[in-house]
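Some notes on the structure that comes next.
All values derive from a computational prediction rather than experimental measurement. Here is the naming used below: chain letters follow the sequence lines, and residue numbers restart at 1 for every chain.
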Amino acid sequence: MILDKKEIQAVKSKKDASGIIISIIAYIFVGLFAICCLLPFLMIISASFSSETAITTDGMGIFPKNFTLEAYKILFRTPKYLVGSYVVTIGMTLGGTALGLFIISMTGYALQRKDFPFRNGISFFIYFTTLFSAGLAPTYLWMVNTLGMKNNYLAVFLPLLMTPWLIFLMKNFIKSIPHEITESGKIDGANDFRIFLTLVLPNLKPALATVGLFLALQYWNEWYNTMLYLSNKDYQPLQYYLYKIINQAQALRQSVAGNQVSIENLPSNTLKMATAIVATGPVILFYPFVQKYFIAGMTVGAVKG
Amino acid sequence: MTTKVEKSGQKRNRFQKDGIPIKQKRNIWKDIKTHKILILMCLPAVIFFIVFNYCPLPGVYIAFTNFNYAKGIFGSDFIGFDNFNFLINSNKLWMLTRNTVLYNLAFIILGNLLQITVAVLLNEVAAKWFRKITQTLMFLPYFISAVLVGLIVYNIFNTDVGLIPSLIRSLGGESMSFYSTTWIWPIIIVLVNLWQGTGYGAVVYFATICGMDTGIMEAAEIDGANRWQRIRYITIPGLKSIAIILILFSIGSILKGNFGLFYNIIGPANSLLMPYTDIIETFVYRAMMNQQNFAQASAVGLYQSVFGFIIVMLANSIVKKVDPEYALF
Amino acid sequence: MKKNLKKVLSLMLVLAFVFSLAACAGESADSSSTAPASTDSTESTAADSSAEESTLENTDVDTSEQVNINMLVLGNKPTNGRMEAAVAAENELLLEKVNATVSLEYIEWTDWQTQYNLRLMSNDTSIDLIITATDWLYAWPNSKKGAFLALTEDMLQTYAPQTWAEIPAEDWDLCKLGDTIYFIPEDQYTQWTNHGMFYRGDWATEAGLTDGVQKFDDLTTYFTYIKENKEGVIPWDVPGKNNMAGIISGYIASNSDYTTIIGTDTGNFNLFAYQGDDYKTVVSPYLDDDVLYDAADLMKEWNTIGVWRDDVLNYEGETRELMYAGQSGADQHHVQTYIGLQPNMEKKQEGSDAQMYWWGYENGNYCADLKTHGAMAVNASSENPERALMVYDLIRNDEEIYKLHNFGIEGTDYVMTDDGKLDRPAGWDQSTDALDTNFWGGRVDKYEPARVTDYADKDALFAELAAGAKEYQLSAFAFDPEQCPTEIAAVADVCSNYFPLLAYGKKDDPKATVDEFREQLKMAGIESLMANIQQQMDEALAQ
């Protein structure tokens, strides 16, 4: 049944009772949840601008107490290194996301092809790695001694390129693209890779945005591999660099090591808050751009018939 | 050309000709040749996992050794299951496993339910600006590190200056001491986990909804289905496959607890709450705090992995029986 | 749309490849090491070097090849360039004398326990010298696991003659496993790190304690006074989350003659001790002595008074900061911290007259610091152990090199006052200009001038401490926890359950809780653990 635009509009404008109720519920629920998510964040922002003692005496609130920039001053003390951290992190995030996304979608496409006899075997092969891991010591020895990755940015860049979860996620997204597209490509004489590149990829916007987002976040938030392999590099990925500052104060205060160094007056809790803001800030600004890709999907009508 | 999808267990040629199934001898080389491009496309990922996951895997042998640095993993003395003793003989293994599994189940089930709800409702919000803003806001908690989460929770619930006790007191009531009350913490922990993970997880569902065929939706609308019916009969079933995949994935890690969350909210000192909130990771951390015993750590990981493996194989085979397309493999 | 997508993708791909290339180019030389995980160098290297000439002259040793000695230290890598400048100046001298340079590699504070042990585990040939300590930096476990090179007397005499000569035989004995020396003790450096409670002299006087806190129970008087008279001040605002054991051990020290046996801790709790002069018998006041009942009762009393916050077990505040701000009446740490805290308190809370009551003040039940609280080991897989020892010898004993390494360049990093004290140049700020070479493995008193910022009466304090201190009799005993890991883990678990409750008085009936605690300890196997400790100790003392 082919309707023209006007008739479709006419039908859509018929409001039904359930629609209104659902709209109301949607706005309220989503709105409330968003506020729940925002409030603690406001608390963190305000605490980052408050004085340490005010926080411990009065607790955290929505507005800063004894407004001070002390925590931020400490963070920005050596701007060269902070900027270096940002550059390294952004570089790795962009590069890693691009490369990883490409490989992930390529693999995901191959694995969802029902006519590909090896897909179950390879899927299991990939999935199995989420179940078993050798543990810290063997992995460390492998990376440092055999692969020689100590003090090399690749030690952080490479292992994060893909995860089984992202591959499966992508595979599932691609499944919703009808097989007809592949077939029509084959009819035109293209090989699988060309089909993937020219016919499938362009239709994967929400999928690419989603997986790309998760991948980028993985790179952005990473600190553990940095701690293991990059702790003597001058410019370290951001999260680890920020953790360092917090942990220094903590380690010196709590551990026996603290007796060796004169303990300086580092505000601790407010420092943690300021760190969180500095680390998260850029991503919040970047997220709205990604949202553009969460648009309504394509219609199949063009291919059928 | 008609295509027919066969059960993935059967290795026949998938394309029928003239409606008569053709039994072809399974010829791997022919398959490789036909699909060589697809195989090449999978190659980077396969190599990746070989290098970074499968190669170090033999090192799991360390869990059975008395690891000596000079001798290396495979040169160290074999001691059988001795490294597992501290876990088994602690008399806590059952309690810890139970806590870990129950919490994870709550996280998985409630988490996915909430994420689906949020994604569906988000889709029903017409005003784009509202949707954009709320989606960004919902994403924020994911970024808050576990340490900060612990601090925030403390700031909300502590008796002296916490938000909630202060509120209760200002209303004239007598606030209970949250940090001395055991039963409330499973609830709080689950809520915190939901708060942190929902925005992030809802993105997947939301993207799936965006990728859904709008033609069907419009056709349904024209046919007279109201919003609720459209949600119930089209949107939600459309999310079934992704939900099952996500859940199956999470089940593999059902014995692996979220150390950061528990350690920072409950802390190592509040043993009043521990019977309700202690998981495998926090116990191991406290037990091994001073020793840096890598072999023991690997032993614990192995225990968690083996159980997760068994459970996931079971779950996947069940799903496969119901509908093979939803299974992971 | 398709075109844009393609463009963006290709741009990002190019970025990715360029980035990978840059990463490869920036790879440091060290990372190309492909040394196998297992080496058997401990015996062979020792044999090799004892084949060298064993005269005491450095000049007879072959130093024709220039090498770099890499020292592993703890701390965040400094970013202000001071360390590099100081080390460069130092290297000029080192090159002259032994044709070697020194470089520092840092184990940063994030998860340092894991990082430190991982580094040692991986048998990295690029490390030569390693900072360690027997009581907090895993010296014994790493020696046993083959991370450190065995140091023979010949080696030490040949390559580190000055160090060898200045350390007496009994101090060398403290570093031996069996008959082999595994690290060099920082024994010529006086530090006091015994714990106690800092309190304010002015408030103590107001509370009626004219001579300050003289015994443990005086603290109760002090805290009660603050609670009743100082509005908004928490007597001792301790973060229970980070102090699980509280100060029960302090109470026991001050009210008995138990001395803790170092190295037998179960997950950060020190249960085992010897009593009085009988250092050959392992006992535990936590298992059977009424002093634990008294301690638990007192802590309950303190909880009722309100010495700490209600939710102390989850509280994570910075007590020192609060004390500086006048919001906490006390802080608990050790003497070395007190020396820095005292002048600071005077600056921030004028007239506060910060004092310290250390555990065992009234009955002299405290020990001097272990001589192996700081130590330096040589990496078992080091490629230049001989040169490493020579460099260490110079840093420790050559005054010019020592000062460069530990204090920096005179004029820029420090200045000497007319009365021989160490001061900082104008505008120097601890947080931005610190040297951070963290050489905690070979400091010596003779080259350490008094600091202008130190507590003025530091020497008097040290003298007072030295006069009353007991000597720890079991320095050479290295307990091997791997003989009964199960019991240790189980006991550690019981401790982590009960200690916080007892230490902060969170249970209504302390006596019953203590009884329960003891029951649980027995079920966890504490008696067989104690028997094992006793057995190991007997073996160690027999040698």
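The main-chain N or O of B:V51 is found under 3.5 Å from a side-chain atom of A:W142 such that the two form a donor-acceptor pair. In terms of modelled atom types and a separation under 3.5 Å, the side chain of A:D192 and the main chain of B:I37 share no donor-acceptor contact. Proximity of a side-chain donor or acceptor of B:H35 to a complementary backbone N or O of A:D115 within less than 3.5 Å is detected. With hydrogens and angles ignored, the 3.5 Å screen pairs a side-chain donor or acceptor of B:S305 with a backbone N or O of A:L131. When atom types are taken as modelled, the side chain of A:Y109 and the backbone of B:L38 share no donor-acceptor pair closer than 3.5 angstrom.
Listed here is the closest heavy atom pair of B:G59 and A:P138: O-CG, 3.3 Å. Nearest heavy atoms, A:P206 versus B:A207: CB-O, 3.9 Å. Heavy atoms only, all atoms of each residue included: A:T163 and B:F49 are closest at C-CZ, 4.2 Å. Closest approach of B:M138 to A:C37, counting heavy atoms only: CA-SG, 3.8 Å. The heavy-atom pair separating A:S23 from B:R227 by the smallest distance is OG-NH2, 2.7 Å. A pairwise comparison of heavy atoms in B:W195 and A:P40 identifies CZ2-CG, 3.4 Å as the closest pair.
Atoms OG1 and CZ, on B:T208 and A:F173 in that order, are 4.0 Å from each other to the nearest 0.5 Å. Here A:N191 contributes atom CG and B:M41 contributes atom CE; the two are 8.5 Å apart, rounded to the nearest 0.5 Å. In this structure, the separation between CG on A:N120 and NZ on B:K320 is 5.5 Å, given to the nearest 0.5 Å. To the nearest 0.5 Å, atom OG1 of residue A:T129 and atom OH of residue B:Y54 are 6.0 Å apart. The CD1 atom of A:I103 sits 11.5 Å away from the SG atom of B:C42 when rounded to the nearest 0.5 Å.
Within the 4.5 Å cutoff, no side-chain heavy atoms of B:F52 are placed close to those of A:L161. Side-chain contact between B:L40 and A:F193 is absent, with no heavy atoms from C-beta onward closer than 4.5 Å. Counting heavy atoms from C-beta on, the side chains of B:V306 and A:F132 come closer than 4.5 Å. For the pair B:S241/A:K175, no side-chain contact is recorded, criterion being any heavy-atom separation below 4.5 Å from C-beta on. Looking only at side-chain heavy atoms (C-beta outward), A:M273 and B:L151 come within less than 4.5 Å of each other. With contacts defined as side-chain heavy-atom distances shorter than 4.5 Å, the pair B:I242/A:L169 qualifies. Between B:I231 and A:I22, the closest side-chain pair of non-hydrogen atoms falls below 4.5 Å. The shortest distance between side-chain heavy atoms of B:T117 and A:F33 does not fall below 4.5 Å.
Proximity of the aromatic rings of A:F41 and B:F143 is defined here by a centroid distance below 6.0 angstrom, and this criterion is not met. A ring-centre distance under 6.0 Å is found for B:F249 and A:Y127. Aromatic rings from B:Y200 and A:F214 are positioned such that their centres are separated by under 6.0 Å.
Looking at B:L163, only its side chain comes within 4.5 Å of chain A, counting heavy atoms on both sides. There is no contact between B:M217 and chain A, counting heavy-atom distances below 4.5 Å. Only the side chain of B:I62 comes within less than 4.5 Å of a heavy atom of chain A; its backbone N, CA, C and O stay farther away. In this structure, no portion of B:I311 lies under 4.5 Å from any heavy atom of chain A. Heavy-atom distances place no part of B:Y154 under 4.5 Å from chain A, backbone and side chain included. For a residue to count as touching a neighbouring chain, one of its non-hydrogen atoms must lie under 4.5 Å from one of that chain's; by this rule A:I44 touches chain B with the side chain only.
Residue B:K240 places its NZ atom among 12 or fewer non-hydrogen atoms of other residues, nucleotides or ligands, all under 6.0 Å distant.
The greatest number of non-hydrogen atom pairs below 4.5 Å with chain A, out of B:T34, B:V312, B:I216, B:V118, is found for B:V312. Heavy-atom pairs under 4.5 Å with chain A were tallied for B:L137, B:I50, B:N123; the largest tally goes to B:L137. Note: B:V204 leads B:L122, B:V204, B:V46, B:I152 in heavy-atom pairs under 4.5 Å with chain A. With chain A as partner, the option from B:S166, B:A127, B:G308 having the largest number of non-hydrogen pairs under 4.5 angstrom is B:A127. The residue among B:N155, B:N316, B:L43 with the most heavy atom pairs within less than 4.5 Å of chain A is B:N155.
Under the 3.5 Å distance criterion, with hydrogens and angles disregarded, no donor-acceptor pair is assigned to the side chains of A:S133 and B:N53.
Ring orientation note: the planes of B:F309 and A:F128 are nearly perpendicular, at an angle over 60° on the 30°/60° scale.
Taking A:A155 as the reference, A:M143, A:M149, A:Y229 meet the side chain to side chain contact (heavy atoms under 4.5 Å, CB included) condition, with sequence neighbours excluded.
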